[in-house]
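Data block below; observations after.
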Amino acid sequence: MTAESESRDWVDLFPGLSQLETPARQVLLQRSTLIDVPAGTVLFGPGKTAEHMLFLLEGTVRVQHLSDSGREIVLYRVGGGESCVLTTACLMGYAEYSAEGIAETEVRAAAVPRLVFDDLVAQSPSFRNFVFTAFSRRITDLFLVIDEIAFQRMDVRLAQRLLEISKGDDRIETTHQRLAVELGTAREVVSRQLQEFQRCGWIRQARGSVHIQDRGALLSLAEDAAKA
């Protein structure tokens, strides 16, 4: 496979880019660079400037924020066929990152230089529409995160998260700290709630893992809250 055909493949992974005008598409293909990074790589962090727009082809990037008190919260994840809204905001506003992006898995991405991004946003209606549509969707997701943290009960959110990451298995490899980061709360809060779940017989805790013993009870808690 030639470099050009490989680049063409990555553009086609993004439905919003399929309508690109021919000149804009050619610029995107010719000026982008395909990169591979190992799991655990910090792709960006607070105080750093955005020099490239990354279009994720494979893998997952976790975007999280660290408060002044040292508490972490996962804002969102970027998967294959998606772009990072924080990077978009930093590029458009010439601002520094306020959160960090970490490769949760091996990641393959197309890196588009800032100058190319700026030119395409200014000159290509299709590219500009793609950027702002993706930006709008992710902002909506972030408001949902804020809503969950501010208004939903912690027991409900924890039950939902355990069910989500279990993927049907009864054994979940995780820690209290990791769950706290996912839920945007303190580790002690998660620990207390897990102890209550265990007291009820819904789960059993072990070092570095949680075992679901009554999936129906967790489902009932999560679903009843959703109906309320």
Item checked: Heavy-atom side-chain proximity of F197 to D155 below 4.5 angstrom -> yes
Checklist line | Close side-chain approach of D119 to V27, heavy-atom, < 4.5 Å | finding: no
Notebook entry, point to check: So, does R161 use its side chain to make a donor-acceptor pair with the main chain of L183 at under 3.5 Å?
Noted result: no
Note to self: Is the ring pair W10/F55 parallel, tilted or perpendicular, if the boundaries are 30 and 60 degrees?
What the structure shows: tilted
Next item on the list: Taking T105 for its side chain and T60 for its backbone only, find out whether a donor-acceptor pair lies under 3.5 Å.
Entry: yes
Item checked: Main-chain N/O of Q205 paired with Q198 side-chain donor or acceptor, under 3.5 Å -> yes
Checklist line | Test salt bridge (charged side-chain N to carboxylate O under 4.0 Å, His left out) applied to R77 and E164, E182, E82, the passing residue | finding: E182
Next item on the list: Rounded to the nearest 0.5 Å, what's the gap from CD on Q26 to CZ on R31? Could you check?
Entry: 13.5 Å
Check: Can you tell if the side chain of V85 reaches within under 4.5 Å of the side chain of V63, non-hydrogen atoms only?
Finding: no
Check: Does R108 use its side chain to pair, donor to acceptor, with the backbone of L34 at less than 3.5 Å?
Finding: no
Notebook entry, point to check: In terms of side-chain heavy atoms, does R215 have a donor or acceptor partner in S166 at a distance below 3.5 Å?
Noted result: yes
Check: Can you tell if the side chain of C84 reaches within under 4.5 Å of the side chain of Y76, non-hydrogen atoms only?
Finding: yes
Check: Does the salt bridge (charged side-chain N to carboxylate O under 4.0 Å, His left out) test come out yes or no for D170 and R204, once each step is laid out?
Finding: CA-CA 10 Å; D170 289 336; R204 177 172 56 84; over 6 Å; no
Notebook entry, point to check: Is there a side-chain contact between E196 and W202, using heavy atoms and a 4.5 Å cut-off?
Noted result: no
Item checked: Residue from Q64, R62, H65 passing side chain to side chain donor-acceptor pair (under 3.5 Å) with E100 -> Q64
Next item on the list: Determine whether L194 and L179 make a side-chain contact, defined as any pair of heavy atoms from C-beta on separated by less than 4.5 Å.
Entry: yes
Notebook entry, point to check: Are T49 and Y94 linked by a side-chain donor-acceptor pair shorter than 3.5 Å?
Noted result: no
Next item on the list: Determine whether the side chains of S124 and E21 contain a donor N or O and an acceptor N or O closer than 3.5 Å.
Entry: yes
Check: Can you find a heavy atom in the side chain of Q195 that is under 4.5 Å from one in the side chain of R199?
Finding: no
Margin query: Looking at P38, is its backbone amide N or carbonyl O close enough to the side chain of T41 to form a donor-acceptor pair, meaning the two atoms are under 3.5 Å apart?
Written below: yes
